Amino acid sequence: MNHYLELLSILILLSSFILAAAKRIISYIWIFRLQSFLLVIMAGYLGAVNFRKEGDIDILIICMVILVVKVIYIPRLLENTFAKVAYKVEKDFFLNIPISVLICCGLVMLSYFSIFPIDDLREGVMKTYLVNSISVILIGLFFMISRKKAIGQIIGFLVIENGLFIAALLSAHSMPILVDLGIFVDVLAGVMIMGVLVFRINENFESININKLRNLRG
Amino acid sequence: MNYGSLLAGILVLYLAGAFAALICPRNVRLGNTLSQSFSSMASLLGIYLSGSLLLQGPTRGLVYSHVLNVPNITITVTIDSLSAFFLLALSILTLAVSIYSRGYLSHYYHQRNVGLFNLLYNFFILTMISVMTSGNIIFFLISWEMMSLLSYFLVVFEGESRENQRAGLIYLIMTHIGTAFLVIAFMLLYQTTHSFDQSQLHLWVDSPVKNWIFIFLLVGFGTKAGVIPFHVWLPYAHPAAPSNVSALMSGIMIKTAVYGLMRFVLPMITPGYEWWGLAVLLIGTASTFLGVAYALMEHDIKRLLAYHSIENIGIIFIGLGLSFYARAAGNQTLCALSLAASLFHLLNHTVFKGALFLGAGSVHYATRTKDLEKLGGLMKKMPYTGFFILIASLAISAIPPFNGFVSEWLTYQALFANLSSHSTASQLLSIVAVAMLAMAGAMAAYCFVKLLGVAFLGLPRSRQAAEAQEVPGSMKTGMGVLVMLCLVLGVFPRPVWVMLDAVTRSLLGQSIMNGAQGGFFYIYFPLETTVSALSPLMVLLAGILLFVAVGLLVKLLGGKFGQRRYGTWDCGFDGLNARMQYSATGFTKPLRIVFRGLYRPTRELRIEEGASRYYPESTTYLVTTRSVFEEYIYAPLISAFTKLARKTRFIIQTGSIHDYLIYIFLTVVALLLYNGFNN
């Protein structure tokens, strides 16, 4: 079973690379949807295994919640938001794409460098999982930095959350269900608020470029 | 008697006092009466508990401890002799203040939330008790911080005016700076001892960090005590607070700092650390002189009293510094004597400063003003208040037979005894301290002549002063309790000596009672020699005899003189008015000339010309003095700090979300790198 999980975690890492290389906002949303879908497959697989072994349906429930929230609802919400504010096409990134991808490679190396020497991890494969998921978190954070528009920040935030979730899922077979559900509610509320804020920013600054927020400083 | 249940009783009564007034919000009067009676009862219990603990000799006292789930935090209540002495001072003061507040708070009825006030007031007292009785450093810090915050809320209780808000802010900032230093000191302490238990203090290791711990403790506690140069908050906070709160703050809260120094620094002293005592002595000497010097220039009664608190804390610090020094130098007798002098003065200051602040509150209650230049002639209208303030003024000016005299005499004796010490620096400092103490005594008398003469004698200078009426009975009783104690402690100090003996025996293992003799005419030889001795009762009798003798002599030699009631000759003008009187500003002019360098006075005369230059429309005469410390120490510090804050805003706090994200990113990367390199 480990091979499938390893493959999935590498695919998720790969999807974050694609995200870092994406140029259009609409493709960010699609890539996020893809990543979340991979997450659903991973959770479904783990959940099924778990159910067969211990009769535990917690992970399956969470898998359904991810499907509804992260694959269907949030991307659609973001698409709607974007459709309402996208009347200008601007360059959305500070660094060009090749450099971004190179930096992302550097981040993966960094997390490998940091995680691999830890001797206490149970199995060798756990290190790969952790390297991949921490890389996803770092790439999400880097993505937030490198994009100018508010939707980029929201996607970056969601990718960080995905990375955290993979880390929890693979290393500890998910957190207690209450914690997981709590986190989903947080994310959902956060994204809805951010979606509203994007409207407000657009109204006030005629753009969703968050650099304009600098003007708010007292 | 079971002390544990007594302590629980005190706790319950204060809690009842805190919530009693909130339970009946409709009937404010009943709520206030209930609340103050509860806290008075609690104070009586407190006096009984601490008094009986002290009179039964040195004690490790009762220990009540409750271990919490959190590591290092235990709620440990320990009452040893030192705590009991502070608890006694606190309870005496709170008894008087609670009786007084019953009447004093009536001017808040239906204007302010008296229930809230009583809640804060009772909790404030409770936190002070827990500061004095805590046996664990963390618990001590928590109580200390709660005490500071509650007193802040009480200071800004009348917080509508900008002035009071500013006073509260200054107080809050200063007290937090002090707490920050304390936290650093305690952390250093933990690093060397690995224990937060106060009973382990005597096991402190000798390490080079000790000097730093002392410095941080001195700054931290010094800020709360209000010694120079950390005194800036005192003259603002005391006038802003309601008078009963000022009495508590000046009377006992600033003394918790002295308690802290005695509790934490005294056990740390070993030979080789003589400079600690000298530093405290120097600070005390400076505060004694500068406190009274600034007090003379103040015309706001409560600011004036606040500066006198600085002076008296200085006197307490002189005794404290001497005892630190003597302990390091190995002179146990002097150490015990000066510690006793310091503690005795502390108790006395609690009593007479409490009475004075309550008196100032009564004046404010009756006239709605604290400005001396608007008062006058109150002695006829408020005879009781006037009399009480007179007695308390005599006590604070260290005039026998009142209590201030006894403790200042002891301080002098300790200083004289130190003249035979081996180090030149300490001899020199003792001489300077004696001179400063003498000068401060004279200037304090001068200052209270000003206060009494301007506020209570002569003609009223404003309509409010002319219409003043005597304050209600409960306020008179509250002041009366303290004033009576001024006399009793001054004439019969023996019980206090016995209690102090218990303290020094439990703290230092040294008795101070070896030089006590006699029964009714009690004589005390502090140095166990026959060089100097004090018998307060004899002093009183001698005073009375002298008074009678002089009276007789005048009667015999002065011939006949009759009494005639008649208006004062007014040089032919039609009637004397209030503006012809000596003003407080005018009265202190000689000192302004003598200490020009300190006060840096400026004066300005503005004349509005009328029809002829011999008949000006109006003249304004403005005298200002400047505070050297605020101008040359605090102002540069504040401006440097605001500059730094402004720079931070432009360099670090840019307002760009990307910058903030980069900070997070770099931190995470740095942590990962750290982890990688460490494995």
Side-chain angles (χ1 to χ4, degrees), chain A residues 92-95 103-104 106-121 127 130-131 133-157 159-160 163-164 194 197-198 201 205 208-218, chain B residues 68-71 152 156 159-174 176-177 634-679:
Chain A
D92 184 35
F93 32 87
F94 289 112
L95 299 165
I103 290 178
C104 291
L107 291 175
V108 176
M109 278 157 70
L110 171 71
S111 57
Y112 180 84
F113 168 72
S114 177
I115 301 298
F116 225 75
I118 301 177
D119 296 326
D120 301 338
L121 291 178
K127 287 182 182 171
L130 267 183
V131 169
S133 48
I134 289 178
S135 302
V136 172
I137 296 172
L138 286 175
I139 291 173
L141 189 53
F142 173 70
F143 185 76
M144 282 178 92
I145 297 172
S146 65
R147 306 295 144 136
K148 285 181 193 165
K149 299 233 174 81
I151 293 199
Q153 268 73 44
I154 301 176
I155 296 277
F157 170 74
V159 168
I160 291 176
L164 286 173
M194 284 190 267
L197 277 180
V198 169
I201 295 170
F205 298 99
I208 53 169
N209 193 336
I210 56 164
N211 247 351
K212 310 251 173 183
L213 288 181
R214 202 187 272 265
N215 301 338
L216 288 175
R217 184 172 62 157
Chain B
L68 294 183
N69 259 337
V70 193
Y152 164 75
V156 294
E160 298 87 12
S161 73
R162 284 198 85 75
E163 209 180 320
N164 288 2
Q165 287 165 7
R166 182 160 172 267
L169 189 66
I170 291 175
Y171 174 52
L172 199 63
I173 291 172
M174 286 306 286
H176 274 97
I177 290 175
Y634 284 93
L637 269 180
I638 290 168
S639 80
F641 189 74
T642 42
K643 245 181 226 157
L644 182 73
R646 203 169 299 133
K647 269 191 191 146
T648 324
R649 209 178 72 185
F650 279 101
I651 296 169
I652 301 172
Q653 299 278 5
T654 53
S656 151
I657 291 179
H658 288 113
D659 287 356
Y660 298 141
L661 285 171
I662 285 175
Y663 297 151
I664 299 174
F665 184 69
L666 289 180
T667 314
V668 172
V669 167
L671 285 174
L672 282 175
L673 279 176
Y674 174 79
N675 182 44
F677 279 117
N678 258 22
N679 273 301

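Predicted, not measured: the structure shown is a model, and the values here were computed from it. Here is how names work: the chains are called A, B, and so on, in the same order as the sequence lines, proteins then strands, and each is numbered from 1.
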query = Just how far is it from atom CZ of A:Arg147 to atom NE2 of B:His658, taken to the nearest 0.5 Å?
reply = 10.0 Å
request  = Would you name the heavy atoms of B:Gly676 and A:Pro117 that are closest together and state the gap between them?
outcome  = O-CG, 4.3 Å
Sequence-distant partners of A:Ser114, side chain to side chain donor-acceptor pair (under 3.5 Å), two or more places apart = B:Asn675
Contacting moiety of A:Phe142, where chain B heavy atoms sit under 4.5 Å = both
Qualifying residues under side chain to side chain donor-acceptor pair (under 3.5 Å), relative to A:Ser111, sequence neighbours excluded = A:Ser135
key: Any residue meeting side chain to side chain contact (heavy atoms under 4.5 Å, CB included) with B:Leu673, in chain and number order, not counting sequence neighbours   = A:Leu110, A:Phe113, B:Val669, B:Phe677
query = How would you list, in number order, the residues of residues 660-668 of chain B that have a heavy atom less than 4.5 Å from chain A?
reply = B:Leu661, B:Ile662, B:Ile664, B:Phe665, B:Val668
ask   = Just wondering, more than 12 heavy atoms not from B:Glu163 lying within 6.0 Å of its CD?
value = no
request  = Against chain B, label A:Leu107 side chain, backbone, both or neither, depending on which of its atoms sit under 4.5 Å from a heavy atom there.
outcome  = side chain
